[in-house]
2 protein chains.
Amino acid sequence: MRLTSFTDYGLRMLMLMASAPERAYSTAELADAFGLSRNHLAKIMQSLSRGGLIETRRGGGGGAVLARPASEIRLGAVVQHLEQGQALVECFAGDGGNCTIHAQCRLKARLRSAETAFLSDLDRSTLADIALEPIAQTE
Amino acid sequence: MRLTSFTDYGLRMLMLMASAPERAYSTAELADAFGLSRNHLAKIMQSLSRGGLIETRRGGGGGAVLARPASEIRLGAVVQHLEQGQALVECFAGDGGNCTIHAQCRLKARLRSAETAFLSDLDRSTLADIALEPIAQTE
DNA sequence: CGCTAATAGGTGCTGTAAATGCGAATTGAA
DNA sequence: TTCAATTCGCATTTACAGCACCTATTAGCG
């Protein structure tokens with residue numbers, strides 16, 4: 001059972017943004033804070049932006065800001081958005097996969113139920129609950 | 001959010017074995033039923049065997065049989081065993097990964113909780129609940 | 001007020017690493 | 001001697017990370 005690194009990194013970015021919701025974080029700053037590639041994070045940022053979770057501004061002084069208060073952004077929703085297109089098992093994919101059971105499969109429903117349980121449990125928390133302390137700007 | 005195909009196939013194998021617990025299924029038969037590679041399934045079968053979920057017998061008339069009644073094998077336990085070694089996120093891995101947050105990360109606990117919720121939900125069902133009808137041997 | 005330069009998000013491509021799937025050869029039981 | 005699990009090792013696929021470049025916006029200067 002695995003989440004993509006895409007999701008992992010996206011969560012870290014949001015955690016940091018939630019720490020100081022009033023200011024804009026640039027991808028360069030986030031990449032620096034986490035020791036990751038700037039361009040890579042830019043892709044994730046774009047996904048978050050399209051998902052309506054953050055708002056971005058170009059140009060000097062630009063960057064990304066949470067679109068809503070951190071306390072209104074539920075973790076399950078975030079994960080669900082970032083994991084878009086990731087099928088839990090083959091037969092959950094768009095084309096249904098090549099499973100030969102299919103018709104009489106009673107497992108599918110149980111997996112969906114479990115998936116929902118996973119997301120619901122995450123939805124009990126919001127970004128405000130996991131916000132980081134602002135990174136030390138001592139230098 | 002994804003389970004490995006390893007787990008997916010393992011579940012399918014168990015579903016079929018649960019349909020006729022008295023007989024032994026060979027990897028060849030299972031591979032044929034699902035249209036998958038025999039050698040590949042053999043690896044999964046071995047894992048199931050080491051996990052104590054099935055018992056195997058070599059030689060003529062051999063194959064695999066459930067180690068316990070289907071109604072006593074919980075799905076969460078099966079998934080947990082087959083997904084062994086799959087870290088939900090980087091920092092769940094053995095070496096802890098390269099996450100820079102780490103110390104003050106409050107996300108980790110929520111993810112663990114959600115993971116448990118996922119498995120607990122699956123544990124509400126047993127193999128008996130998802131057993132397949134025996135495959136039609138009409139041809 | 002307009003031009004310019006610097007900032008910062010957005011996108012496509014490519015190399016690399018790891019997971020996956022498969023085949024062949026081996027070992028053990030009947 | 002045949003059947004079938006077991007083990008080893010290779011090929012393929014996929015996801016990941018990084019690089020280079022493009023576009024848009026802002027700030028500052030003339």
Side-chain angles (χ1 to χ4, degrees), chain A residues 1-10 12-13 17 23-51 53-65 67 82-87 89-90 93 95 97-99, chain B residues 1-10 12-13 17 23-51 53-65 67 82-90 93-95 97-99:
Chain A
M1 184 171 174
R2 258 176 54 205
L3 300 180
T4 62
S5 67
F6 198 82
T7 301
D8 191 0
Y9 297 163
R12 294 186 204 175
M13 292 165 75
M17 288 191 236
R23 56 178 289 243
Y25 284 91
S26 72
T27 53
E29 183 176 3
L30 293 169
D32 202 52
F34 298 131
L36 299 169
S37 152
R38 189 187 78 76
N39 296 283
H40 203 221
L41 294 194
K43 285 177 196 167
I44 300 170
M45 188 175 271
Q46 189 216 349
S47 169
L48 290 171
S49 170
R50 290 197 186 169
L53 294 166
I54 62 174
E55 283 172 5
T56 59
R57 246 184 68 191
R58 296 188 171 196
V65 180
L82 288 168
E83 287 285 309
Q84 225 168 28
Q86 292 294 326
V89 288
E90 181 186 355
D95 61 355
N98 291 335
C99 184
Chain B
M1 185 171 170
R2 258 176 55 206
L3 300 180
T4 62
S5 67
F6 198 83
T7 301
D8 192 1
Y9 297 163
R12 295 186 203 175
M13 292 165 75
M17 287 190 237
R23 58 179 288 245
Y25 284 91
S26 73
T27 53
E29 181 175 6
L30 293 168
D32 203 51
F34 299 131
L36 299 169
S37 154
R38 189 184 77 76
N39 295 286
H40 198 220
L41 294 194
K43 277 185 198 167
I44 301 171
M45 187 174 271
Q46 189 215 351
S47 169
L48 290 171
S49 170
R50 291 199 185 167
L53 294 165
I54 62 174
E55 282 172 6
T56 59
R57 248 184 64 193
R58 296 187 170 194
V65 181
L82 288 169
E83 287 285 308
Q84 223 167 30
Q86 291 294 326
L88 185 64
V89 286
E90 181 187 355
D95 61 355
N98 290 334
C99 184

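Below, read A as the first sequence line, B as the second, and so on, with proteins coming before strands; counting in each chain starts at 1. Only heavy atoms go into these numbers, but all of them, side chains included; no hydrogens, no water, no symmetry mates.
- Within the structure, a side-chain polar atom (N or O) of Tyr9(B) is placed less than 4.0 Å from OP1 or OP2 of dG21(C).
- Heavy-atom distances to DNA chain C give each of Gln86(B) and Arg58(B) a nearest nucleotide, and the one nearer the 5′ end belongs to Gln86(B).
- In terms of polar N and O atoms assigned as donor or acceptor, the side chain of Asn39(A) comes within less than 3.5 Å of the base of dA20(D) in a complementary pairing.
- Following rounding to the nearest Å, His40(A) (NE2) and dT11(C) (P) show an atom-to-atom distance of 15 Å.
- Residue order along DNA chain D, read from the 5' end via each residue's closest nucleotide, puts Ala28(B) first among Arg57(A) and Ala28(B).
- Residue Arg50(B) places at least one side-chain N or O closer than 4.0 Å to OP1 or OP2 of dT7(D).
- In this model, the phosphate group of dA17(D) is not approached by any side-chain N or O of Ser37(A) to a distance below 4.0 Å at OP1 or OP2.
- For the pair Arg38(B) and Gly61(A), both in contact range of DNA chain C, the more 5′-proximal nearest nucleotide belongs to Gly61(A).
- To the nearest 0.5 Å, the span separating CG on Leu82(B) from CG on Leu3(B) amounts to 9.5 Å.
- dT25(D) atom C1' lies 16 Å from atom CD of Glu55(A), rounded to whole Å.
- Listed pair Thr56(A) / dG10(C) meets the phosphate criterion, a side-chain N or O lying under 4.0 Å from OP1 or OP2.
- Between the C1' atom of dG18(D) and the CD1 atom of Ile44(A) lies a distance of 13 Å, rounded to the nearest Å.
- Side-chain N/O atoms of Ser49(A) include none lying less than 4.0 angstrom from OP1 or OP2 on dG9(C).
- A donor and an acceptor atom never sit less than 3.5 Å apart when one is taken from the side chain of Lys43(B) and the other from the base of dG23(C).
- With values rounded to the nearest 0.5 angstrom, Leu53(A) atom CG is found 8.0 Å from Ser47(A) atom OG.
- Between Arg38(A) and Glu29(A) there is no salt bridge, since none of the side-chain N atoms of the basic residue sits less than 4.0 Å from a carboxylate O of the acidic one.
- The shortest non-hydrogen separation linking Cys99(A) to Glu90(A) is N-OE2, 4.1 Å.
- The side chain of Gln46(B) places an N or O atom within less than 4.0 Å of a non-bridging phosphate oxygen (OP1 or OP2) of dT7(D).
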